[in-house]
Asker: 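One structure coming up, written as structure tokens, with questions to follow.
Note on naming: letters A, B, ... go to the chains in the order of the sequence lines (proteins, then strands), and numbering restarts at 1 for each one.
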2 protein chains.
Amino acid sequence: MHTIKDVAKKANVSIATVSRIVNNQSGYSEETKRKVLAAIKELNYQPNALARGLINKRTHTIGVLLPHFINAFGMELLHGIEEKAHEEGLSVIICSTDSFGAKTMKYLQVLNEKRVDGVIIIGPKLEEEYYDYVKRMAVPVVLLGTEKFDNRLPSVQVDNRAIAYSAVKHLIDKGHERIGMIAFHENGPSLRADGYRKALEDNDIIFNQERIVFSSGFAFEDGVHFFRKLMLQAPDITAAYIISDEMAVGAITAADRLGIKVPHDVSIISHDNLRVADMSIPKLTAVSLPLRRMGRTAAEKVFQMIQTGRPSESSIMQHEIVERDSVCMLAKAVRAKQPC
Amino acid sequence: MHTIKDVAKKANVSIATVSRIVNNQSGYSEETKRKVLAAIKELNYQPNALARGLINKRTHTIGVLLPHFINAFGMELLHGIEEKAHEEGLSVIICSTDSFGAKTMKYLQVLNEKRVDGVIIIGPKLEEEYYDYVKRMAVPVVLLGTEKFDNRLPSVQVDNRAIAYSAVKHLIDKGHERIGMIAFHENGPSLRADGYRKALEDNDIIFNQERIVFSSGFAFEDGVHFFRKLMLQAPDITAAYIISDEMAVGAITAADRLGIKVPHDVSIISHDNLRVADMSIPKLTAVSLPLRRMGRTAAEKVFQMIQTGRPSESSIMQHEIVERDSVCMLAKAVRAKQPC
DNA sequence: TTGTACGCGTTATCAG
DNA sequence: CTGATAACGCGTACAA
């Protein structure tokens, strides 16, 4: 591995001159430029980013903390981040912290030692401990998540209350009134459950506690388990809002075993709109989240913050409903005609 | 951000002493150690990895090149890599090169400039250009893939011919003889198609060109498209080997539209055994690849190479067949009893 | 046990 | 236009 010195020697110039040319500043003749470039090519010289970072105080590297690596959800976010980051000349170091555990502080330290230029934290919430640490790191941090948010730090999110509202409203517009929900069990009030309730109230449908069930996860198995529970508690529902695609697929499987036909007997609208939504039978009508773009936006924010030095605004991303085959009109007259 | 100097000053010792303590070498009294540690804690000192890397010539960072970021397949590999790498104190920089394009050389350069300690390249094959470059980088490189392999570099792979053989054999053992296959279209002979053919021959079943169809991708849509094509070309098959889970799910969807019941009319065995395999209806019988472990193994290899300085052996990982509900016995007598 | 001083590969500030 | 030379933050012989 050759250094700038080797190049200087081979080209018969000083290292300062080589540096100028490499960083294309001004102050050299065409002639020397030619010589130096030739030497660089011949020696296959690559500047040492460590030395550069040491002096410039910029590493062109950011760190991404993401819990629950496995699922497609985080994947999409990460993909968006990576894409945008590389466009801006930033490398990304991934730190997968399954279920946001004790490892997180270790990762944060490593990122700090490596002097990353910024950090993106994916996750539903930010532990106080992490917040204190990144604050001391004094580098741009942006939060990327979908649940609560922490307005001490710039973030990119979606409005979960509005999303739930949209989803339930969609069901209502299709003629449903007895609507169930599989929500996520968390400490404190759930924004999604709120949105669900509000949508009902705004449409003069009375809220029934029996029709909402709280899952402990977002996976397929949770879907089959909690859909069964839901149907036991509220057998009269004609539709359900289920907060993840995988769970929705699980629900369809459970329904199948229960002899319930989707959407004929009960319509299902899901959340996220990942690839599976398009692969299930029937295809899932879902609230679509712009995951990829959210990742890109987060990367864009850190980049801006790195450039300007000033904090960025938070962003709420738009969602939309993608209609497919898991929801149908309730009215019997219509049902006959609809390809339900 | 404080430096080793600040610590030295605050503790009234030299930077050499601080350095010794930080890297816990020997040569200092308990007393000074206490003082220094106190100073470190107070100033919240974190060694600068750039400066360290500059002098130690080790960055404790590896790069991972992976094409087709999106799918769950690469995800699992990446997860395994990340897991093991962090266990060994290595950070991982991801470089996503959708469809292994021109960006790859750029990424390689960046990794080189950042002086990563090693590189893992995920992908079906290694372009000559990339090979030349990584060779000049003179850092450990391991290939992680599933198709061909390049014995100039250590790799971790699976034996695709053996896998296809197993899959088809499984079908044969279940009484099937007219077996179709959706293979991947590539330049040159396909290992999987080979294994398929060999399994047939070994069991005295004549190979029929019509029963094999070549897909241009691995996605759901490819599955629906090529399964239809397959059924058109070879309507008499009773089983099929399909080389990706997503495609298999697509095939089931296509079958559904064609009025073909899986596995009742045609059995399906798929490849990879990702999460979807467990989520489809019926659940997919599949050849399971130890993706996560493959990732871990790849990381382990680079780590070993970094430590020892000598090239590692290549590994062929074992596969297994996970029986679920998409394959059933052919014999009619049996079919009645089987939960097919 | 402890401190001094040099080098790692760059960039930037001066002179020339 | 060009070249010494001092940082950047750290590890490590070598000396004390």
Asker: Quick one: what's the B/S/- string for nucleotides 5-15 of chain D, heavy-atom cutoff under 4.0 Å, read 5' to 3'?
Answerer: --BBBBBBB--

Asker: Can you name the side chain to side chain donor-acceptor pair (under 3.5 Å) partners of Glu128(B), sequence neighbours left out?
Answerer: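 Once residues adjacent in sequence are excluded, the partners of Glu128(B) under the side chain to side chain donor-acceptor pair (under 3.5 Å) criterion are Arg152(B).
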
Asker: Does a donor on one side chain and an acceptor on the other come within less than 3.5 Å for Thr61(A) and Lys114(A)?
Answerer: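 Looking only at side-chain atoms, Lys114(A) and Thr61(A) do not form any donor-acceptor pair under 3.5 Å.
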
Asker: Which pairs with one or both residues in residues 295-304 of chain B pass side chain to side chain donor-acceptor pair (under 3.5 Å), sequence neighbours excluded?
Answerer: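 Listed by first then second residue: Glu83(B)-Arg296(B), Glu87(B)-Arg296(B), Lys301(B)-Ser315(B).
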
Asker: Identify, with sequence neighbours excluded, every residue that meets ring pair (Phe, Tyr, Trp, His ring centres under 6.0 Å) alongside His60(B).
Answerer: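 For His60(B), no residue satisfies ring pair (Phe, Tyr, Trp, His ring centres under 6.0 Å) once neighbours in sequence are set aside.
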
Asker: Run the side-chain donor-acceptor check on residues 47-55 of chain B: report pairs under 3.5 Å with partners two or more places apart or on a different chain.
Answerer:
{"unit_1": "Asn48(B)", "atom_1": "OD1", "unit_2": "Leu50(B)", "atom_2": "N", "d": "2.7"}
{"unit_1": "Asn48(B)", "atom_1": "OD1", "unit_2": "Ala51(B)", "atom_2": "N", "d": "3.3"}
{"unit_1": "Arg52(B)", "atom_1": "NH2", "unit_2": "Asn23(B)", "atom_2": "OD1", "d": "2.9"}

Asker: Considering every strand and a 4.0 Å limit on heavy-atom distances, what is the contact class for Thr32(B): base, sugar-phosphate, or nothing?
Answerer: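 Answer is sugar-phosphate: Thr32(B) comes under 4.0 Å of backbone atoms only.
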
Asker: Quick one: side chain to side chain contact (heavy atoms under 4.5 Å, CB included) partners of Asp6(B), sequence neighbours excluded?
Answerer: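 If we apply the side chain to side chain contact (heavy atoms under 4.5 Å, CB included) test to Asp6(B), skipping adjacent residues, the hits are His2(B), Thr3(B), Leu43(B).
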
Asker: At how many degrees, to 10°, do the end axes of the helix from dT1(C)-dA16(D) to dG16(C)-dC1(D) meet when each uses five pairs?
Answerer: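 About 50°, once rounded to a multiple of 10°.
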
Asker: For Ile15(B), which residues count as a side chain to side chain contact (heavy atoms under 4.5 Å, CB included) partner, sequence neighbours excluded?
Answerer: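 Once residues adjacent in sequence are excluded, the partners of Ile15(B) under the side chain to side chain contact (heavy atoms under 4.5 Å, CB included) criterion are Ile4(B), Lys5(B), Ala8(B).
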
Asker: I'd like to check the side chain to side chain contact (heavy atoms under 4.5 Å, CB included) partners of Glu31(B); sequence neighbours left out, ordered by chain and number.
Answerer: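 Side chain to side chain contact (heavy atoms under 4.5 Å, CB included) check on Glu31(B) returns Ser29(B), Arg34(B), Lys35(B).
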
Asker: Would you list the atom pairs, donor with acceptor, under 3.5 Å between side chains in residues 133-143 of chain A and any protein atom, with sequence neighbours excluded?
Answerer:
{"unit_1": "Tyr133(A)", "atom_1": "OH", "unit_2": "Asn112(A)", "atom_2": "ND2", "d": "3.3"}

Asker: Can you give me the first and the last nucleotide of DNA chain C (5' to 3') that has an atom within less than 4.0 angstrom of a non-hydrogen atom in chain B?
Answerer: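 Nucleotide range with atoms under 4.0 Å of chain B: dT1(C) to dG9(C).
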
Asker: Applying side chain to side chain donor-acceptor pair (under 3.5 Å), can you list everything that pairs with Gln318(B), at least two apart in sequence or on another chain?
Answerer: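 None.
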
